[in-house]
Asks: 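Before I ask anything, here is the structure I am working with.
Quick caveat, the model's predicted, so the values are computed rather than measured. Just so it is clear, the values below take in all heavy atoms, side chains as well, and ignore hydrogens, waters and symmetry mates.
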Amino acid sequence: MFASAPEITAGEARRAALRAQGLLGADGRRGGVPAMLRRLSAVQLDTISVLARSHELVPYARLGAVGRASIERAYWHPSRPAAFEYWSHAACVLPIEDWPYYSARRRRIRARGQRWHKVSPKACDEVLARLRSEGPLTATELGGAKAGGPWWDWSEVKIAAEWLFDTGTAACVRRVGWRRVYDLPERVIPPELLNAEPDDAECLSYLVAAAVRALGVATRADLREHLRLPQADTSAAIDQAAKVSGLSPVTIADRDKPLPAWADPDALAWLNAGGRGTHRTTLLSPFDSLVWDRKRTKRIFGFHHALEAYVPKDKRVHGYFAMPLLAGGRLVGRADPAREGTTLVLRQATVDSAAAARGLARAATEAASWVGCDDVTVERFAPAELAPAFASALKGGD
């Protein structure tokens with residue numbers, strides 16, 4: 001299948017990825033947040049909030065200073081659900097039309113059964129009964145999420161609600177105060193989506209196609225990590241799903257040997273037409289789908305990316321929430337931001353050139369304005385000899 005496939009360069013694969021992710025060219029800005037969500041197919045959620053939460057930072061990186069309230073409305077529309085939350089790469093916001101294609105994952109969870117947290121059928125029935133009689137409820141409204149111990153020490157109602165969520169017996173189409181709101185699927189999922197039950201092969205084909213469109217070009221390993229596919233989805237099953245979906249086999253030029261991959265035909269057509277566009281200069285969430293696969297990020301950008309929020313402070317290299325800097329289509333630095341009043345403070349910043357230092361100044365200034373800060377300062381800058389280029393650009397110099 002790949003023996004006679006056309007070869008694309010590593011640079012072409014990188015540009016295809018940036019365009020697919022909405023970070024190269026004008027297409028990525030069209031349609032606002034709803035179109036961005038459909039383009040990416042998944043936006044990861046996380047509890048950490050520094051500049052903003054990650055699901056807000058993802059559209060900001062692509063669309064610029066879009067209002068944070070409008071981002072929330074686009075995800076969690078109060079009367080017409082446009083998205084739902086479920087397990088993809090991690091806990092993610094997903095387009096509502098993708099609900100049927102996670103049925104294979106829901107079936108697999110039901111077949112596997114409960115793992116760490118155990119809960120009785122009686123508790124699940126009681127939570128369901130309350131959702132039916134009282135409407136959508138958070139774990140707090142159900143009786144409290146915690147049992148009194150550490151954060152993972154969940155209450156029985158929280159365990160029950162999560163099991164119902166995992167198996168699709170309950171659904172989440174909005175959050176309130178960062179808490180999941182559990183509801184009955186029949187109340188919030190359109191009937192034509194709720195009643196569809198594609199088989200496992202159809203689910204895999206759909207999700208593989210969506211992932212390749214979001215990545216531009218993807219190896220099997222890329223797809224496994226992007227979708228967190230189980231071992232049951234063999235390489236042959238992935239290749240068959242890609243073929244059925246109309247994706248194009250390619251090989252990516254690599255130092256050792258060409259890498260077999262699948263490409264979005266639209267991405268190939270764009271590359272064949274010249275593959276050009278304006279690059280976005282921005283700071284990225286550590287959970288951004290451009291960089292959430294560390295091995296892929298290292299391969300296509302030559303950039304080592306790791307979240308250090310859960311690393312002991314004295315062992316951190318780049319900081320608590322180091323955000324990669326994207327400029328000129330490459331990852332050229334990172335900065336660990338914090339907010340002190342109306343000042344955006346870069347606790348630590350690292351860049352690889354004077355041009356990157358100037359790009360960081362632009363990106364930090366734009367990010368500060370977006371979150372309501374009117375000043376930017378930096379505590380540690382590396383390498384030190386590039387700090388003047390950053391400072392000059394921050395003041396409006398060249």
Asks: Do we see a donor-acceptor contact under 3.5 Å between the side chains of Q44 and S289?
Replies: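 There is no such pair between these side chains.
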
Asks: Judged by atom type as modelled, is there a donor-acceptor pair below 3.5 Å linking the side chain of R316 to the main-chain atoms of E308?
Replies: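 Yes.
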
Asks: In terms of hydrophobic clustering (I, L, V, M, F, W, Y; side-chain heavy atoms under 4.5 Å; direct or indirect links), are L51 and V378 co-clustered?
Replies: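 Hydrophobic grouping puts L51 with V378.
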
Asks: Between S70 and G67 (side chain of the first, backbone of the second, donor and acceptor by atom type, cut-off under 3.5 Å), is there such a pair?
Replies: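 Checked: pair present.
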
Asks: Passes side-chain contact (heavy atoms from CB on, under 4.5 Å), W270 versus D264? Steps please.
Replies: CA-CA 10 Å; W270 176 76; D264 176 11; over 6 Å; no

Asks: Using the ring of each side chain (for Trp, its six-membered ring), is F165 parallel, tilted or perpendicular to Y182, with breaks at 30° and 60°?
Replies: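 Because their plane-to-plane angle is over 60°, the rings of F165 and Y182 count as perpendicular.
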
Asks: Quick check on R80: does its CZ atom have over 12 non-hydrogen neighbours (other residues, nucleotides or ligands) under 6.0 Å away?
Replies: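 At most 12 heavy atoms, drawn from other residues, nucleotides or ligands, come within 6.0 Å of this atom.
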
Asks: Is the backbone of T138 close enough, under 3.5 Å, to the side chain of R179 for a donor and an acceptor to pair up by distance?
Replies: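 Looks like no, no N/O pair under 3.5 Å.
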
Asks: Any idea how Y60 and W370 line up, ring-wise: parallel (<30°), tilted (30 to 60°), or perpendicular (>60°)?
Replies: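 Answer is parallel, since the angle falls under 30°.
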
Asks: Do V317 and L283 sit in one hydrophobic cluster, given that two such residues count as connected whenever their side-chain heavy atoms are within less than 4.5 Å of each other, even indirectly?
Replies: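 No, it is not one cluster - the side chains of V317 and L283 are not joined through contacts under 4.5 Å.
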
Asks: If you count every heavy atom of other residues, nucleotides or ligands that lies below 6.0 Å from R330 atom CZ, does the total exceed 12?
Replies: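 Result for CZ/R330: open.
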
Asks: Quick check: does any side chain N or O of R187 sit under 3.5 Å from a backbone N or O of P185, one acting as donor and the other as acceptor?
Replies: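 It does not hold such a pair.
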
Asks: Verify the ring-centre separation between H55 and W178: is it less than 6.0 angstrom?
Replies: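 Aromatic pair counts; centres sit under 6.0 Å.
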
Asks: Is it possible for you to say whether L137 and W163 belong to one hydrophobic cluster, with membership spreading through side-chain heavy-atom contacts below 4.5 Å?
Replies: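 Linked within one cluster.
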
Asks: Between D293 (side chain) and R296 (backbone), is there a donor-acceptor pair under 3.5 Å?
Replies: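 Side chain of D293 to backbone of R296: a pair is present.
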
Asks: Under the salt bridge (charged side-chain N to carboxylate O under 4.0 Å, His left out) criterion, do R213 and D266 qualify, and how do the steps go?
Replies: CA-CA 8 Å; R213 285 195 301 272; D266 178 63; over 6 Å; no

Asks: Can you check side-chain contact (heavy atoms from CB on, under 4.5 Å) on R294 and R299, steps first, answer last?
Replies: CA-CA 9 Å; R294 294 184 189 179; R299 190 185 79 237; over 6 Å; no

Asks: Has D336 got a side-chain atom pairing as donor or acceptor with F321's backbone, closer than 3.5 angstrom?
Replies: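 Yes: the side chain of D336 pairs with the backbone of F321.
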
Asks: Which other residues belong to the hydrophobic cluster containing V181, where Ile, Leu, Val, Met, Phe, Trp and Tyr are joined when side-chain heavy atoms lie under 4.5 Å apart, directly or via other members?
Replies: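 Once heavy-atom contacts under 4.5 Å are chained together, V181 belongs with V176.
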
Asks: Is any side-chain heavy atom of R334 closer than 4.5 Å to one of Q348?
Replies: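 Heavy-atom side-chain distance check fails, nothing below 4.5 Å.
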
Asks: Taking N195 for the side chain and P191 for the main chain, is one N or O donor matched with an acceptor at less than 3.5 Å?
Replies: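 Checking the backbone N and O of P191 against the side chain of N195, a donor-acceptor pair under 3.5 Å is found.
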
Asks: Does a salt bridge link R280 with E366, judged by any charged N lying under 4.0 Å from a carboxylate O?
Replies: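 A salt bridge links R280 with E366.
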
Asks: As a quick check of understanding, evaluate side-chain contact (heavy atoms from CB on, under 4.5 Å) for L18 and L290, giving each step before the final call.
Replies: CA-CA 8 Å; L18 290 165; L290 183 72; 4.1 Å; yes

Asks: Within the structure provided, determine whether S88 and L94 are in side-chain contact (heavy-atom separation under 4.5 Å).
Replies: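 Yes, side chains in contact.
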
Asks: What I want to find out is whether E126 reaches R130 closely enough, with some N-O distance under 4.0 Å, to be called a salt bridge.
Replies: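 No, E126 and R130 are not salt-bridged.
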
Asks: Yes or no on side-chain contact (heavy atoms from CB on, under 4.5 Å) for E85 and L45, after CA distance, side-chain angles and deciding distance?
Replies: CA-CA 9 Å; E85 182 182 340; L45 293 157; 3.4 Å; yes

Asks: Between Y101 (side chain only) and S205 (backbone N and O only), is there a donor and an acceptor less than 3.5 Å apart?
Replies: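 Between the backbone of S205 and the side chain of Y101 there is no qualifying donor-acceptor contact (under 3.5 Å).
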
Asks: How long is the straight-line distance from CD1 of I252 back to CD1 of I300, given to the nearest 0.5 Å?
Replies: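 Taking CD1 in I300 and CD1 in I252, the distance rounds to 8.5 Å.
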
Asks: Between the side chains of R62 and D288, is the shortest nitrogen-to-carboxylate-oxygen separation below 4.0 Å, so that they form an ion pair?
Replies: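 Yes.
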
Asks: Answer yes or no: is there a donor N or O on one side and an acceptor on the other, between the side chain of S285 and the main chain of F287, under 3.5 Å?
Replies: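 Checking the backbone N and O of F287 against the side chain of S285, a donor-acceptor pair under 3.5 Å is found.
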
Asks: Do we see a donor-acceptor contact under 3.5 Å between the side chains of D46 and S54?
Replies: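 There is no such pair between these side chains.
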
Asks: What about H226 and W292, are their ring centers closer than 6.0 Å?
Replies: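 So the answer is yes for these two rings.
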
Asks: Taking side-chain hydrogen bond (donor to acceptor under 3.5 Å, both in side chains) as the definition, give me every residue that meets it alongside E202, ordered by chain and number, with sequence neighbours left out.
Replies: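 Per chain and number, E202 pairs via side-chain hydrogen bond (donor to acceptor under 3.5 Å, both in side chains) with no residue.
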
Asks: Would you say the side-chain atoms of S103 pair up with the backbone N or O of P100, donor to acceptor, closer than 3.5 Å?
Replies: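 Side chain of S103 to backbone of P100, a donor-acceptor pair under 3.5 Å: yes, one is there.
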
Asks: Within a strict 4.5 Å, meaning less than it, do heavy atoms of the L346 and T377 side chains meet?
Replies: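 Not touching, per the 4.5 Å side-chain cut-off.
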
Asks: Does the distance from a Lys or Arg side-chain N to an Asp or Glu carboxylate O, for R53 and E72, drop under 4.0 Å?
Replies: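 Looking at E72 together with R53, the answer is no, because their closest N to O distance does not fall below 4.0 Å.
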
Asks: Can you tell me which residue among D222, D239, T219 is in a side chain to side chain donor-acceptor pair (under 3.5 Å) with W262?
Replies: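 Only one option passes, and that is D239.
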
Asks: Measuring only between side-chain heavy atoms, which start at C-beta, is P258 closer than 4.5 Å to E7?
Replies: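 They are in side-chain contact.
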
Asks: Is any side-chain heavy atom of S248 closer than 4.5 Å to one of L268?
Replies: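 L268 reaches S248 side chain to side chain.
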
Asks: Take atom CZ in R174; do more than 12 heavy atoms of anything else shown fall under 6.0 Å from it?
Replies: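 No.
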
Asks: Taking L227 as the starting point, is it possible to reach V217 by hopping between hydrophobic residues whose side chains are less than 4.5 Å apart?
Replies: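 In one cluster: no.
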
Asks: When you compare the side chains of D98 and Y206, does any donor N or O come within less than 3.5 Å of an acceptor on the partner?
Replies: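 Yes.
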
Asks: Would you say the side-chain atoms of H89 and R228 include a donor-acceptor pair closer than 3.5 Å?
Replies: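 Short answer, yes.
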
Asks: Hydrophobic cluster membership, with links at side-chain heavy-atom distances under 4.5 Å among I/L/V/M/F/W/Y: are L207 and L229 in one?
Replies: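 Looking at the clustering, L229 is in the same group as L207.
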
Asks: Counting C-beta onward and ignoring hydrogens, is there a side-chain heavy-atom pair between Y320 and V311 closer than 4.5 Å?
Replies: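 Side chain of Y320 against side chain of V311, heavy atoms only: no contact under 4.5 Å found.
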
Asks: Under the salt bridge (charged side-chain N to carboxylate O under 4.0 Å, His left out) rule, what do K295 and E225 come out as? Steps first, then yes or no, please.
Replies: CA-CA 9 Å; K295 290 181 179 178; E225 176 62 17; over 6 Å; no

Asks: For the residue pair W99 and F84, is the inter-centroid distance of their aromatic rings smaller than 6.0 Å?
Replies: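 Yes.
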
